[in-house]
Amino acid sequence: MYKIPANTLFIGKNLVFVPECPSTNTLAAEISHQSPVKDGTVVITDSQTAGRGQRGNTWETTPGLNLTFSIVLKPGFLALTKQFFLNIVASLALKDYLMREVPGAVYIKWPNDILVHDKKISGILIENQVQGSSLVTAIIGIGFNLNQKNFSNLARATSLAMVTGKDYDRHREVELILEYVESRYLQLRRGNTDGLMSEYLASLYRRNEKHWYRSEGRLFEGIIRDLDEIGNLRVEENGMVRSYGVKEIEFVDQ
Ligand code: BTN
């Protein structure tokens, strides 16, 4: 069974486990609409049957092998214009967690895919509930490939077990990830956005390298430089830098 993490202050202290559900993000949203939910509540399942990903994609996972969970946060202190820092918090936490096992091989593909040796090991879906001009609730959904060894797209997906050759105890690993998320979230709560941003940029996949991208149907060679103040990706093309939102640019593999 999943245990309440011993080393966190509030994340995971309220843990909701269901053996199966369509999506932990959806369930977390339902729970938080029904009644006030505690900051740091975690909703976790062993079998997610209709997992949702970014850009309307699905998140497929073999039941019982991987991690699928959502963390409910109440980031009332965070200006709406700084929402992107939640992506940074979650991405850096997963990177911190992975660095113990696979140092040197972990990158963050903007906005928040976690790659090991250029293959995706984890995806994050953040869904915010906004009231007026404040962020009332943020649901941070994490799908992490832990013990799965077969993927329909082996060229692009991997798992921790595939990278290290070990098998992992899901209950222990989720506790560790929650500790890293809390630690990065507390860094945000202390207002250390500069520190978070510079660590995120230092881990950014394809940064300062020339690669192919597609935007509005046009293929172009560009160089990722950094992010703008709302978290859009700044890409240089022929000496000019332009910002792109999540739906405005696609990474193209050569
Ligand atoms: C992506 O890479 O597109 C994001 C995938 C996010 C998947 C997780 S699994 C737990 C949570 N519940 C969902 O339905 N999605 C997220």
Side-chain angles (χ1 to χ4, degrees), residues 2 11-12 15-33 37 40-73 83-84 86-95 97-98 106-116 118-129 137-148 151-160 168 170-171 173-175 177-178 180-181 200 203-205 231 233 245-251 253:
Y2 294 95
I11 291 187
L15 195 78
V16 179
F17 167 72
V18 286
E20 183 170 291
C21 71
S23 153
T24 56
N25 265 35
T26 308
L27 183 57
E30 283 164 8
I31 292 172
S32 71
H33 281 127
V37 65
T41 293
V42 169
V43 178
I44 188 161
T45 188
D46 280 344
S47 173
Q48 187 171 252
T49 53
R52 296 183 289 108
Q54 293 169 48
R55 306 171 192 234
N57 290 328
T58 54
W59 180 259
E60 315 279 349
T61 177
T62 307
L65 292 181
N66 300 318
L67 302 177
T68 41
F69 61 100
S70 303
I71 307 168
V72 183
L73 294 171
Q83 284 183 49
F84 191 79
L86 293 172
N87 296 64
I88 295 184
V89 160
S91 305
L92 284 177
L94 286 162
K95 185 181 180 213
Y97 162 74
L98 279 165
V106 189
Y107 282 91
I108 301 166
K109 182 176 169 192
W110 179 86
N112 52 17
D113 284 351
I114 312 300
L115 308 184
V116 172
D118 289 4
K119 294 184 183 186
K120 184 159 166 174
I121 198 163
S122 178
I124 302 165
L125 178 67
I126 302 186
E127 295 178 302
N128 292 327
Q129 293 164 10
T137 306
I139 296 173
I140 301 193
I142 298 178
F144 186 94
N145 298 333
L146 193 63
N147 289 322
Q148 186 169 336
F151 290 93
S152 53
N153 192 347
L154 268 174
R156 288 184 181 201
T158 193
S159 69
L160 196 52
Y168 292 87
R170 279 176 297 135
H171 310 118
E173 300 310 304
V174 86
E175 263 186 275
I177 293 175
L178 295 177
Y180 284 108
V181 173
Y200 179 88
S203 310
L204 202 55
Y205 178 64
L233 191 66
V246 175
K247 291 184 181 147
E248 294 169 347
I249 189 164
E250 197 187 316
F251 287 59
D253 293 327

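Not measured: the values here are computed from a predicted model. For ligands, and for the atoms within them, numbers begin at 1 and follow the listed sequence.
- Residues Arg156 and Asp253 are paired through a salt bridge, judged by an N-O separation under 4.0 Å between the basic side chain and the carboxylate.
- In terms of protein heavy-atom proximity, atom 8 (C) of ligand 1 is closest to Gly143 N, 3.6 Å.
- Just one of Val16, Thr61, Thr24 meets the side chain to side chain contact (heavy atoms under 4.5 Å, CB included) condition when paired with Thr45; it is Thr24.
- Every atom of ligand 1 with a heavy atom of Gly51 under 4.0 Å away is listed here by number and element: 14 (O).
- Listed by number with element, the atoms of ligand 1 under 4.0 angstrom from any heavy atom of Thr24 are 10 (C), 11 (C), 12 (N).
- Side-chain N or O atoms of Ser91 include one that pairs as donor or acceptor with a backbone N or O of Asn87 at under 3.5 Å.
- Using a non-hydrogen distance threshold of 4.0 Å, Asn57 does not register as a contact of ligand 1.
- Between Tyr107 and Tyr205, the ring planes lie tilted relative to each other; the angle falls in the 30° to 60° range.
- For Ile124, every heavy-atom contact with ligand 1 shorter than 4.0 Å involves the backbone, none the side chain.
- At a 3.5 angstrom cut-off on N or O pairs, Trp59 does not count as close to ligand 1.
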* **Pair Tyr200-Val89, side-chain contact (heavy atoms from CB on, under 4.5 Å): steps then yes or no** => CA-CA 9 Å; Tyr200 179 88; Val89 160; over 6 Å; no
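- When each atom of ligand 1 is checked for a heavy atom of Gly53 under 4.0 Å away, the hits are 1 (C), 3 (O), 4 (C), 5 (C).
- Taking CG of Leu204 as the start and CD1 of Ile108 as the end, the distance is 7.5 Å to the nearest 0.5 Å.
- Close contacts between ligand 1 and Phe69 involve ligand atoms 10 (C) [criterion: under 4.0 Å to a heavy atom].
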* Asked: Can you check side-chain contact (heavy atoms from CB on, under 4.5 Å) on Cys21 and Thr49, steps first, answer last?
  -> CA-CA 6 Å; Cys21 71; Thr49 53; over 6 Å; no
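- At least one heavy atom of Lys120 lies less than 4.0 angstrom from ligand 1.
- Atom 12 (N) of ligand 1 has Gln48 OE1, 3.0 Å as its closest protein atom, hydrogens excluded (heavy atom only).
- For atom 15 (N) of ligand 1, the candidate residues are Gln54, Arg52, Lys109; the nearest heavy-atom contact is made by Arg52.
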* So Phe144 and Phe69, ring pair (Phe, Tyr, Trp, His ring centres under 6.0 Å) or not? Walk me through it. -> CA-CA 9 Å; Phe144 186 94; Phe69 61 100; 8.7 Å; no
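- Atoms of ligand 1 lying under 4.0 Å from at least one heavy atom of Asp113, given by number and element, are 2 (O).
- With a heavy-atom cut-off of 4.0 Å, Arg55 does not touch ligand 1 at all.
- Considering Leu67, Leu94, Ile44, Leu178 as possible partners of Ile142, the one that fulfils the side chain to side chain contact (heavy atoms under 4.5 Å, CB included) test is Leu94.
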